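What follows is a set of notes on a single structure, which appears directly below.
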Amino acid sequence: MKKVICQDYNELSIEAAKLIAEQIWYKPDSVLGLSTGATPLGLYKELIKMYESDEIDFSQVTTFNLDEYYRISPENPQSYRYYMMENLIKHINIKPENFNIPNGNTDFVAAECERYDELMDRAGGIDLQILGLGVNGHIGFNEPASELDTKTHLTGLKQETIDANARFFNDVKDVPTHAITVGMSSILKSKKVVILISGKNKSKIVKEILKGEITTSVPATLLHLHSDATLLVEKGVV
Ligand code: F6R
């Protein structure tokens, strides 16, 4: 895994945006895997700036988000669909039908997971996957476990993930306890993976990852199995 240390959050966001821009210049119909949470917000701001200054054209790009809370309506401002619309999608020229995110508001979870995996396969898989890192080492919502699901699935969120996500809600009781997440195989099958790491609260887990051991109890360590994985980390975190 390649490690790139950035001076600060701003530089991390710019570096990540450059990697996406290069991917789209190289292949205008790229398939991007995207994530939510606090970490990629700066990246999305940079992408919007680059789009507004005609440096990137998203007209042929397809995106697949990693995850969505379960039992949350797409109009709910806490949904990841809403987050993506507000922070990126409505500001760029991506075709609405090319923006994909699991539907967390479904009675037919198995069918939804299958539909999502099929859509990703039909698109040819992910060219560049952007990841964030959970405080417990999760990627997407693949939480630490003795075995990790390979495909898109419904998952229960660990208490530490619920606690970490509580900062986006009025009350910890409002934080969804379940989510639909893309599985490990789609992440590892991506041609290129970039994991963004910002904030001192990630120090302990990044050090764990950088030891080089591979364990399902820290899902991000599986990225050591990937031949083109880059860790972009803010200075001071490692
Ligand atoms: C979100 C996701 C999660 C987050 C992770 C870090 O789509 O897949 O794995 O990337 O929980 O979140 P932040 O960036 O808020 O610390």
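Side chains included, hydrogens not; waters and symmetry mates left out as well; all remaining heavy atoms used. Counting convention: from 1, in listed order, for ligands and their atoms alike. The structure presented is a predicted model; accordingly, all values stated were derived computationally and were not measured.
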Asp107 and Arg71 ion-paired at < 4.0 Å
yes

Can you list the atoms of ligand 1 that are under 4.0 Å from a heavy atom of Gly132?
10 (O)

Validation row, ring centre Phe168 to ring centre Tyr83 under 6.0 Å
no

Is it the side chain (CB and beyond), the backbone, both or neither of Leu133 that lies under 4.0 Å from ligand 1, heavy atoms counted?
backbone

Would you check whether Arg167 reaches within less than 4.0 Å of ligand 1, judged by its heavy atoms?
yes

Basic-acidic side-chain contact under 4.0 Å: Lys191, Asp127:
yes

N/O of Ala38 under 3.5 Å from N/O of ligand 1, yes or no?
yes

What residue and heavy atom of the protein are closest to atom 11 (O) of ligand 1, and at what distance?
His138 NE2, 2.7 Å

Looking at Gly134, Gly140, Gly37, the heavy atom closest to atom 9 (O) of ligand 1 belongs to Gly140

Quick one: do Arg115 and Glu118 make a salt bridge, cutoff under 4.0 Å?
no

Below 3.5 angstrom, do we get any N/O pair linking Lys202 and ligand 1?
yes

Is there a side-chain contact between Leu231 and Val4 (heavy atoms, below 4.5 Å)?
no

Which residue and atom name correspond to the protein heavy atom nearest atom 14 (O) of ligand 1, and how close is it?
Thr39 OG1, 2.4 Å

Would you call Lys90-Glu86 a salt bridge at under 4.0 Å N-O?
yes

Give a yes or no on whether Asp171 atom CG has more than 12 heavy-atom contacts from other residues, nucleotides or ligands under 6.0 Å away.
yes

Which protein non-hydrogen atom lies closest to atom 2 (C) of ligand 1, naming both residue and atom, and how far is it?
Asp67 OD2, 3.3 Å

Provide the number and element of each atom of ligand 1 under 4.0 Å from a heavy atom of Leu66.
8 (O)

So which bit of Thr36 gets within less than 4.0 Å of ligand 1, heavy atoms only: side chain, backbone, both or neither?
both

Atom CD of Gln159: over 12 foreign heavy atoms under 6.0 Å
yes

